[in-house]
Amino acid sequence: MTDDSHLTDADATDTPTATAGDADGTDPATDGGTTVGAADGVDDGVANDPVVGGTDGVDADEAVGEPVLELSDVIKRFGSETAVSGMDLTVREGELVTLLGPSGCGKTTTLRMIAGLEAPTEGTIAVAGDVVAGEGSVTPPEERDVGLVFQEFALFPHLTVAENIAFGLDDPDSAAAERRVADLLELVGLADYGDRSPADLSGGQRQRVALARSLAPEPDVLLLDEPFSNLDVSLRVRMREEVKRILDEAGVTAVSVTHDQEEALSISDRVAVVNEGKVEQMGDPGEVFEHPTSRFVASFLGQASFLPARVGEDGIETAVGSYDRELLKGLGDGYVGSHVDVLVRPDDLRATPVGDGDADGEVIRRQYTGPSFVYHVKLHDGTVLRCLHNHTEEFEVGESVAVTLVADHALAWYPAQ
Ligand code: ATP
């Protein structure tokens with residue numbers, strides 16, 4: 001998780017109005033986790049065999065549930081800057097879709113337009129079948145059934161946990177509200193914490209209160225903006241599993257934003273990889289990770305390298321040996337004689353120390369991660385590959401190695417550039 005989001009990192013016990021951040025509005029009701037009421041055309045060397053890579057069309061057709069949120073060709077300009085450049089996105093009932101992409105690609109702006117905190121320059125946004133932006137009108141945030149959970153949680157410090165959760169309800173003092181708050185406290189595992197002050201809670205507990213507060217008015221869509229980035233690493237991993245459980249149990253439709261691909265891949269029903277303001281690929285996490293339809297998506301997910309290969313009659317030839325053509329997913333006969341770049345990740349490759357004469361290249365860097373080493377190997381032709389090894393297999397920088405492709409699954413590939 002990178003920490004360069006433009007949203008502020010203020011402590012959860014600050015006043016919500018103070019923590020709302022630069023452009024997140026100043027109304028506490030819109031800022032601290034309360035209710036405020038497949039793209040084609042990539043041109044960077046997408047493998048053109050239809051079998052290669054996932055397609056969002058397939059996934060969307062298979063998805064169950066009615067569309068709850070629909071963005072159609074949404075564009076957002078700030079002066080001469082185009083933050084969102086034709087966003088199409090459909091989120092179905094009960095699913096968690098995560099927008100994943102590099103800093104500045106337009107994720108937060110998209111979320112803010114869904115919430116009503118920004119108006120699209122062009123395009124339409126519909127929530128539960130109602131157009132809330134576009135066609136000449138914009139529904140204000142408080143009239144949309146959209147909940148928000150920002151990274152700073154922003155609970156009201158002068159209210160108890162139960163009062164924080166009840167805050168967004170129409171009649172917070174009613175018996176129905178009391179029952180709803182009790183149910184939500186139970187759902188988020190804080191049944192005995194209703195009378196506490198937010199200041200007396202841990203970071204993970206505060207986050208669960210913020211989530212409960214957002215869920216209280218039963219929003220059609222819940223938006224989560226980097227919800228785990230203020231938590232330490234081990235808590236973050238536990239909380240994301242917990243939040244996913246809560247969202248599933250609540251049956252809520254949710255859109256999350258993150259830079260953290262592991263988080264996105266582990267908790268999302270579908271992932272939308274965003275590049276320069278539009279969705280470049282959308283699908284279930286496994287499909288997007290295994291079969292990225294563009295080099296951008298491939299490069300963004302995992303430590304991708306591209307291994308040049310020549311397709312022969314009988315196999316493929318690479319700088320690290322010849323392999324069966326079956327290794328390349330969906331490679332048709334038409335590619336014989338062509339040059340392609342094969343997507344390889346560290347777990348697809350192994351290095352073996354050898355004498356100079358047999359070497360494919362040399363180790364130029366080693367990354368120690370605890371359980372494993374990732375060795376960066378520079379081949380004679382300059383290609384750099386990364387090889388994943390157990391922490392007990394120690395090679396030195398400068399060591400000559402042979403590299404072997406050990407992938408036991410078909411690999412994605414792209415026509416050579
Ligand atoms: P990060 O992951 O770093 O939060 P992001 O993908 O969420 O990035 P956005 O915050 O949506 O990206 O920003 C997209 C682009 O729009 C950036 O170039 C940003 O500088 C620009 N931008 C966002 N908000 C404004 C604004 N209010 N005025 C001008 N430019 C803006």
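When a residue number appears, it is its place in the shown sequence, counting from 1. Atoms within a ligand are numbered from 1 in the order they appear, just like the ligands themselves. The analysis underlying the following values was restricted to heavy atoms, covering all of them including side chains, and did not include hydrogens, waters or symmetry mates. Everything quoted here is computed from the prediction, not taken from an experiment.
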Minimum heavy-atom distance V74-T124, with the two atoms named: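 Reported closest heavy-atom pair: CG2-O, 3.4 Å.
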Side chain, backbone, both or neither: H259 near ligand 1, heavy atoms under 4.0 Å: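 It is the side chain that gets close, since no backbone atom is under 4.0 Å.
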Residue portion contacting ligand 1 (non-hydrogen atoms closer than 4.0 Å) for E81: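 Side chain only.
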Steps toward side-chain contact (heavy atoms from CB on, under 4.5 Å) verdict (L349, L405): CA-CA 5 Å; L349 298 161; L405 252 175; 3.8 Å; yes
Any nitrogen or oxygen of [X], main chain or side chain, under 3.5 Å from a nitrogen or oxygen of ligand 1?
X: T110; result: no
X: F78; result: no
X: T108; result: yes
X: A83; result: no
X: S103; result: yes

Residue-ligand contact G277/ligand 1, heavy atom below 4.0 Å: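 The answer is no: ligand 1 sits nowhere under 4.0 Å from a heavy atom of G277.
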G101 heavy atom under 4.0 Å from ligand 1: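 No, G101 has no heavy atoms under 4.0 Å from ligand 1.
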Side-chain donor-acceptor contact under 3.5 Å, T253 with E93: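 Looking only at side-chain atoms, E93 and T253 do not form any donor-acceptor pair under 3.5 Å.
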Flag side-chain contact, heavy atom, 4.5 Å: S294 against Q281: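 S294 does not reach Q281 side chain to side chain.
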Where ligand 1 meets P102 - atom numbers and elements under 4.0 angstrom, heavy-atom basis: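 Listed by number with element, the hits are 6 (O).
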Per-atom contacts, ligand 1 versus G104 - under 4.0 Å to a heavy atom: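 Under 4.0 Å from G104, ligand 1 has these atoms: 1 (P), 3 (O), 5 (P), 6 (O), 8 (O), 12 (O), 14 (C), 15 (C), 17 (C).
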Aromatic centroids of Y368 and H391 separated by under 6.0 Å: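 Here the rings of Y368 and H391 have centres that are no less than 6.0 Å from each other.
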N390 atom CG, over 12 foreign heavy atoms within 6.0 Å: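 Yes.
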Verdict with reasoning, R386 to R365, per side-chain contact (heavy atoms from CB on, under 4.5 Å): CA-CA 9 Å; R386 297 174 190 128; R365 189 180 160 207; over 6 Å; no
Trace of the side-chain contact (heavy atoms from CB on, under 4.5 Å) decision for V161 with L185: CA-CA 9 Å; V161 165; L185 282 169; 3.7 Å; yes
